[in-house]
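We name chains A, B, ... by the order of the sequence lines, and we start the count at 1 in each one. The shown structure was predicted, so the numbers you read here are calculated from the model rather than taken from an experiment. Quick note: numbers below take in every heavy atom, side chains included, and nothing from hydrogens, waters or symmetry partners.
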2 protein chains.
Amino acid sequence: MSRELKRGTIELVLLTLLEERERYGYEIVAAIEERSGGRLAVRDGTLYPVLYRLEEAGFVEPRWETQQRGVPRKYYRITEEGKEESRRLRTEWREFAAGLDAILDRMEDSR
Amino acid sequence: MSRELKRGTIELVLLTLLEERERYGYEIVAAIEERSGGRLAVRDGTLYPVLYRLEEAGFVEPRWETQQRGVPRKYYRITEEGKEESRRLRTEWREFAAGLDAILDRMEDSR
DNA sequence: TCATCTATCTTGCACAACAAGATAATACCT
DNA sequence: AGGTATTATCTTGTTGTGCAAGATAGATGA
C-alpha cells in the first residue's frame, strides 16, 4: 500500500487500537496488519516515533512491563485527551473520505 | 482539511476530473472545492506541480488556448495511460479506505 | 557457542503539499 | 490615461512524516 496514502492516518490507527486496550509497540504492528485484512502495514521503525509523538502530546502514557520470559515490553495506555484526539481525527478522516468519494462517485465504475 | 491526509490523493482527484472533460488548472482548483462539498481544497501552487508530474508521466497532455478575452489558459486532456492510472489509483484508494475503516469500525461511534 | 526470535530504538532520506510571492494579460473604474 | 482588481500560470524554499537500514539486547533452543 502506497506510503503517501498512509500519511496522517497512523496516529488515528494507533489511538483507535489503544482505545480498545493497552498494547505494546510490536503488538500494534501485528494488530494493524491483521485488523485491516492485510491491507495496511506499518514498520516498527515507523511506529515507535509515532508513539513518541503521541506521548509528548499527552495522548498516551507508557508503562514498562518486565516479563517472566522474554524481552521487556513498553505498554501504552490512552489518556482522556487521547480519546478526544481520536474522535477528532476520526471525524476528520470521515470528512476527508466523504469529500474524496464525492468526487470519485461520478465515475462509471464508482462502487 | 489536514495537509497530510491529502497526500497521494491529489493525482487521483485530478485524473478523475480530467476523465470527465478537458480542464485548465485554475478551473480545477474551483472544481475540487465545489465537487467535494467544500471538504477538500487545493492551492494552485500545489496543483501546477502535480500537473507537471502527470504530464511527464504521460497521463495528461496540455494545450494552450488563447481566449478572445482574458489570460491564455492551459487546458489538460487525459490520455489512455492516464485513464488506466486513474483506475489503478481508484482501486488503491478503495483498498486503503476499506483497510482503515476495518480498524475504525469496531469503535462504538463507528458510523 | 551460535543462530533465531522478540522487542525497542536511532539516523538519514525522500517527497509531496504548502506558503509566499512573482509574473503577465486583461477588465473595470474614475 | 492611470490605477486597481481579477484571472491565470509558475517558482522557490520549508516542513512533516513514513520508511529503509541498521543497532541493541535479552531469551531460547540447537
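Salt bridge status for B:R88 with B:E85: present, with a side-chain N to carboxylate O gap under 4.0 Å. Salt bridge absent: B:E19 and B:K83 never bring a charged side-chain N and a carboxylate O closer than 4.0 Å.
Rounded to an integer number of Å, the gap from B:E56 CD to C:dA16 P is 12 Å. Taking atom CG of residue A:L54 and atom P of nucleotide D:dG16, one finds them 16 Å apart after rounding to whole Å. Taking atom CD1 of residue B:I28 and atom P of nucleotide D:dT7, one finds them 17 Å apart after rounding to whole Å. Note: CZ (B:R43) to C1' (D:dT7) measures 17 Å, nearest angstrom. Going from atom CD1 of B:I10 over to atom P of C:dA17 covers 4 Å, rounded to whole Å. In this entry the distance linking CG of A:L5 with C1' of D:dT17 reads 14 Å, nearest Å. With rounding to whole Å, B:L14 atom CG is found 13 Å from C:dA16 atom C1'. In this entry the distance linking CZ of B:R7 with P of C:dA17 reads 6 Å, nearest Å.
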Side chains of residues 54-63 of chain A: which donor-acceptor pairs under 3.5 Å do they make with residues two or more places apart or in other chains?
residue	atom	partner	partner atom	Å
A:E61	OE1	A:R77	NH2	2.3
A:R63	NE	A:E22	OE2	3.0
A:R63	NH1	A:E65	OE1	3.0
A:R63	NH2	A:E22	OE1	2.7
A:R63	NH2	A:E22	OE2	3.2
A:R63	NH2	A:E65	OE1	3.2

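With the nearest nucleotide of DNA chain C identified for both B:E4 and A:P49, A:P49 has the one nearer the 5' end.
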Pairs under 3.5 Å (N/O, protein and nucleotides 5-9 of chain C):
residue	atom	partner	partner atom	Å
C:dA7	OP1	A:Y24	OH	3.1
C:dA7	OP1	A:R73	NE	2.7
C:dA7	OP1	A:R73	NH2	2.5
C:dA7	OP2	A:Y24	OH	3.2
C:dT8	OP1	A:K74	N	3.1
C:dT8	OP2	A:Y26	N	2.6
C:dT8	OP2	A:Y48	OH	2.4
C:dT8	O5'	A:Y48	OH	3.0
C:dT8	O4	A:D44	OD2	3.4
C:dC9	OP1	A:K74	NZ	3.2
C:dC9	OP2	A:Y52	OH	2.7
C:dC9	O5'	A:Y52	OH	2.8
C:dC9	N4	A:D44	OD2	2.6

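In this structure, B:R3 reaches the bases: a heavy-atom distance under 4.0 Å links it to at least one base atom across the strands shown.
At least one side-chain heavy atom of B:R73 sits less than 4.5 Å from a side-chain heavy atom of B:Y75. Annotation: side chain of B:Y48 is in contact with side chain of B:Y26 (closest heavy-atom distance under 4.5 Å).
Atom CG of B:L12 and atom CZ of B:R94 lie 8.5 Å apart (nearest 0.5 Å).
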